[in-house]
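Here the structure comes first, spelled out in structure tokens, and everything after it is commentary.
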Amino acid sequence: MNDRLTVAALTVVAALTAFFAPWASFNRETAARGAVTLLPNRTIDFTGRTDAVDVPQLAVVAVLLAALYTVLLVASFLPKPTRHIAWLAGGVALIASTFYGLGVHAAAYDAARTTEVRSVLEEALAEPSARTDVAGLESLLERFDTQTLEATRLDALQVGVRIRRLPYADGAPGLAAFMAIVTGGLAVLFGLQVFRRGARAVQALADRIAVPLTAIMLALAAAAVVILVLQPTPLGNDVQLANWREALAGRLDTLFYAYWTLFSGSLGTFEGFTEALKFATPLIFTGLGVGFGFQAGLFNIGAPGQMAIGALFAMLAGIYLPGPGWLVLPLAVAAAALGGAVWGAIPGFLKARFGANEVINTILMNFIASSLLLFILSSSPVFAASALRILTWLGVSLLVLIALLFIPRVRTLLTARPRASAAGVMGILLVIMTVAGWPRAGDGPVTVNLPFKAAGSEPKSVPLQETARLPQLPQLFGVDPATMVGSTEATFNLAAWLAVLTAGLAFVLLGRFARARAWWARLLASVAGGAAVFGVLALAGLTAMPVTVPPSNLNAGFLIAIAAAVFMHVFLQRTKWGYELRAAGQSPGAAEYGGVNLKRNTVLAMAMSGGFAGLSATHYVLGGALEDFSLRVSLPTSDGFDGIAVALLGANNPLGIVLSAFLFGVLKNGGSTLNITFTDLTRDVVNMVLALVVLFIAARGFLPERLTDPIKRAAWRRNKSASQDGEGEEGDA
Amino acid sequence: MTFDTMILIGLLASILRATTPLLLAALGGLFSERSGVVNIALEGIMVFGALGAAVTAQLIERPYLAENPNASVWFAPWVGVLAAMVVGGFIGWIHAVVSIRYKADQIISATAINLMSIGIPAVILTGLYDNSTTSARIENRLPQWGVEGFTFSPLVYLAFILVPVSWYVLFRTPFGLRLRSVGEHPEAADSVGIDVRRMRYYGVVISGVLAGLGGAFLSIGNLNQFVAEMAGGRGYIALAALIFGKWTPWGALGATLLFGAFEAIGTLLGGGQLLPPSLVTAVPFILTMLVLAGFVGRAIPPKAIGKAFDK
């Protein structure tokens, strides 16, 4: 990226927004109506009933901003060391002034809010109505400064003074302040190039995130157009916009507040954060599945189907497996992976054996899986007797066939001439089906009752047994979520967690610094280390540390997702099989020449890819994310398609996938808030953003090749450093 | 006419109706894939075509119906068909720009379009009708042509006429020769002065127009409104039919007739108490997979398919 152009352009845009766009908003009411403050000191009220407060310091902020933007812009045209120093200093000053400006704005409105509440109470005291508890009101006014305004409002209700909502509530920064922070941050980042190390780090970071960042920015920009078209500026009754500047400020405020709503819910509060993680969990699984396929050179669009079958397997295991929880739970998790793996392995096998395209087959299998799920969960399906006989015999014959394939002699016989044997098997199956399906006397419709179906017309299964349920996150801290209201005191076994952490860290570090050791010696050493840590901490009494646990619906499926990501990294980067898979993905011909069995690899890669997608059932079924720990038809299999976006944005590597899944989790969580907050916007906007991200990542060819192609990047960097060594300075970034 | 013949004629008619969208999309895919660009975006393009047709027809007839609720606005659906072609062509053009100009992986680019066909119609429908899954009903549908009891939408006739037309264009005209040559051996085509990228743009945009027509048949030929996800996998089945038909118009016709028959028979089975309807919907997909696994091995795709042309 050309940093001079970027900073200059951004500075100009930011300077324009500083003049035209809202600096901060306040008094946000229902349906997103609010009032905004513009620099230097101007208030536009969209609600029709907000009294403005004068904030004289904002004039100072306006002057500061104008000066700093000029500095940044001029610096962009200066030679190298001066430029970077000016950016660094200017950027820091810009951020500081912005926070100062937001601070004085918030302080002014806080003061106004306090004054107003107090004056309402004092008025009520001066002219008490019949309902007023005068003594209570007096004591409330006495302790006015010692408690929060919200508490005062509730207390006032007790003594007969009704304040519906706090005045000037729900303030937020505006677009102008946001742009100032973004510009300042970028200037600081590029300014860091004044240090030699900083230059390299910034360059590496910029190269790495240029593609995903551009894609997200473009997608959000496209969404901005949609938001502006769909959502008119929310106005109170009888509010007229006086001129085009007010109208423009209204549009910019609507847009910025929509994005604020999208992101702030998840990033601003702990509950929102865990909610976003909850949305992200299944996306991590499906993203890992799709990304794993890509790494092996296969495009697995079948994640939705693999999710459904994984959920089906997990449900069956969770309902029927007998035994204690420590045994049933891991088996149920394994069942989820197995279900997805089976559904993924079928198109893998068809590709390896018959050359059938995995893209089309995985898509077709999505439709089959969703039909199957509906059939299994819908209440009491009705068959014609002969159709049921055909299906039964077909199933039995297929099982027999699979069993026969395990006998080596039969397998060689069948695989010697695959097409002839396929035709033969088809023929035999047809004969069996015809015989079984021939109408008999007394055939009538048969109603099939599957035992795991819940009673009633709703298509869902019975709830899982207790032993097969994953704990919710608070439960891991020893809190029963059912009894939990608000934050809860609990005890936390810090010693055990730290011991596990130490052991894991020791294993990794020993591997890094003592390579010669055998893995079992490292394992033994790290377990011993972990035990020692546990012993010491247990003596210090840290096995039962009191903690406060905030409420959260996040279940242990999230931890499994993180573990799956780590597993994928280790498998692909540290094992022979992973190496073969990647080789087959990048250059099948070379890999085959090197002795890789491509066909076996295709089946393995598709099975594992499906397994990752199937594991999403740990969240939806075993984790109870679909209410009361049962499988429902409402299982959101579209997460499987979103996994494609997640994998592409995360560049198919596990860390990238976890991060981009989190981003999409934030967006999805924000999408539900958007539904509630705005009258004309729905969460579909978020789905659109997801699709556009994929489109723009696919179209990354418009960016310079060194950003999109790691090999060309290396070549470019070599050339650049060579030319710099030759000519000394001034080979610009 | 006996009862059995009536059922048989009814079945034949519903086979032809089920075949039409598949055939239109498969012919579209033919033009794109023969020029060397894989087009799994057919599904998404059909959705956008269906949306374009329904929304345009509805918006055109709305002012007339507001005046007189029984007004006959005969041209509304025809403009809708035109809109479906334009929208389809436009979406095809996006696929072309991303995969030809920016050399994106063609499957990823098409997947993006298919993902867009989930999110964007919902946004548009919310803006127009305050409802994220269906459009308003359209009062003026396309006419039905034919003899009593055996009538079809004009798009059905068009689809079947387009088979020989596509064959002639692809195999008997200079344009078709060029289109096929850039799909087989772009370097050779380039060396004799054929603009490879332009030919590929033509192929992909034509495929978008045809798939858009297929979408129009779904929303205003067969039904009278747009419903979310109304393509229901037909774009993918059309693609499978194209492969099964070995990338020729007549082969595509045969394959789509077969898949259309699967669908029609499936619907017939679902009507009686033979199989539960949820299983019946899976039947065409299972059969498609069997067909692909059993016969495709011998089909030879265009040589340069799926590869970006790097001059």
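Sequence lines set the chain letters: A, B, ... in the order given, protein chains first and strands last, and positions in each chain run from 1. What you see is a predicted model; the values in this text were computed from it and never measured.
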Problem - Interatomic spacing from OG in A:Ser638 to CG in B:Leu115 - rounded to 0.5 Å - result: 10.0 Å

Practice task
Taking the side chain as every heavy atom from C-beta outward, state whether B:Leu239 and A:Ile360 have any atom pair closer than 4.5 Å.
Solution key: yes

Practice task
Counting only heavy atoms closer than 4.5 Å, note whether A:Leu648 contacts chain B via side chain, backbone, both or neither.
Solution key: side chain

Exercise for the section: Identify which of A:Ile368, A:Leu230, A:Ile346 forms the greatest number of heavy-atom pairs closer than 4.5 Å to chain B. Expected result: A:Ile368

Exercise for the section: Take atom CZ of B:Phe90 as the centre, draw a 6.0 Å sphere, and report whether it contains more than 12 heavy atoms from other residues, nucleotides or ligands. Expected result: no

Practice task
Give, as side chain, backbone, both or neither, the part of A:Leu391 having an atom under 4.5 angstrom from any heavy atom of chain B.
Solution key: side chain

Handout entry: Structural part of A:Phe299 lying under 4.5 Å from a heavy atom of chain B
Key = side chain

Problem - Contact summary for B:Ser109 and A:Leu695, nearest pair of heavy atoms - result: O-CD1, 4.3 Å

Handout entry: From CD1 (B:Ile237) to CG (A:Leu364), nearest 0.5 Å
Key = 6.5 Å

Practice task
May I ask you to test the A:Met688-B:Met116 pair for a side-chain heavy-atom distance under 4.5 Å?
Solution key: no

Exercise for the section: Heavy-atom pairs under 4.5 Å with chain A are the metric here; pick the option from B:Asp130, B:Asp105, B:Asn114, B:Thr111 that has the most. Expected result: B:Thr111

Practice task
Show your reasoning for whether side chain to side chain contact (heavy atoms under 4.5 Å, CB included) applies to B:Tyr236 and A:Thr362.
Solution key: CA-CA 11 Å; B:Tyr236 302 122; A:Thr362 48; over 6 Å; no

Exercise for the section: Flag the pair A:Thr682 / B:Ser132 as yes when at least one side-chain heavy-atom distance between them is below 4.5 Å, and no otherwise. Expected result: no

Handout entry: Contact class of B:Ile40 relative to chain A, heavy atoms under 4.5 angstrom
Key = side chain

Exercise for the section: Counting only heavy atoms closer than 4.5 Å, note whether A:Ile301 contacts chain B via side chain, backbone, both or neither. Expected result: side chain

Exercise for the section: Tell me, for A:Phe349 versus chain B, whether the close heavy atoms (under 4.5 Å) come from the side chain, the backbone, both or neither. Expected result: neither

Exercise for the section: Find the one option among B:Val97, B:Ile108, B:Ile113, B:Thr126 whose heavy-atom pairs under 4.5 Å with chain A are most numerous. Expected result: B:Ile108

Problem - CE-CZ distance between B:Met289 and A:Phe367, expressed to the nearest 0.5 angstrom - result: 13.0 Å

Exercise for the section: Tell me, with the steps shown, if B:Val123 and A:Asn687 meet side chain to side chain contact (heavy atoms under 4.5 Å, CB included). Expected result: CA-CA 9 Å; B:Val123 170; A:Asn687 289 333; over 6 Å; no

Problem - Max heavy-atom pair count under 4.5 Å with chain A, selected residue of B:Ser117, B:Ser99, B:Ala104 - result: B:Ala104

Problem - Side chain, backbone, both or neither of B:Ile124 within contact of chain A (heavy atoms, under 4.5 Å) - result: neither

Handout entry: Note, A:Ile363 side chain near B:Phe285 side chain (heavy atom, < 4.5 Å)
Key = no

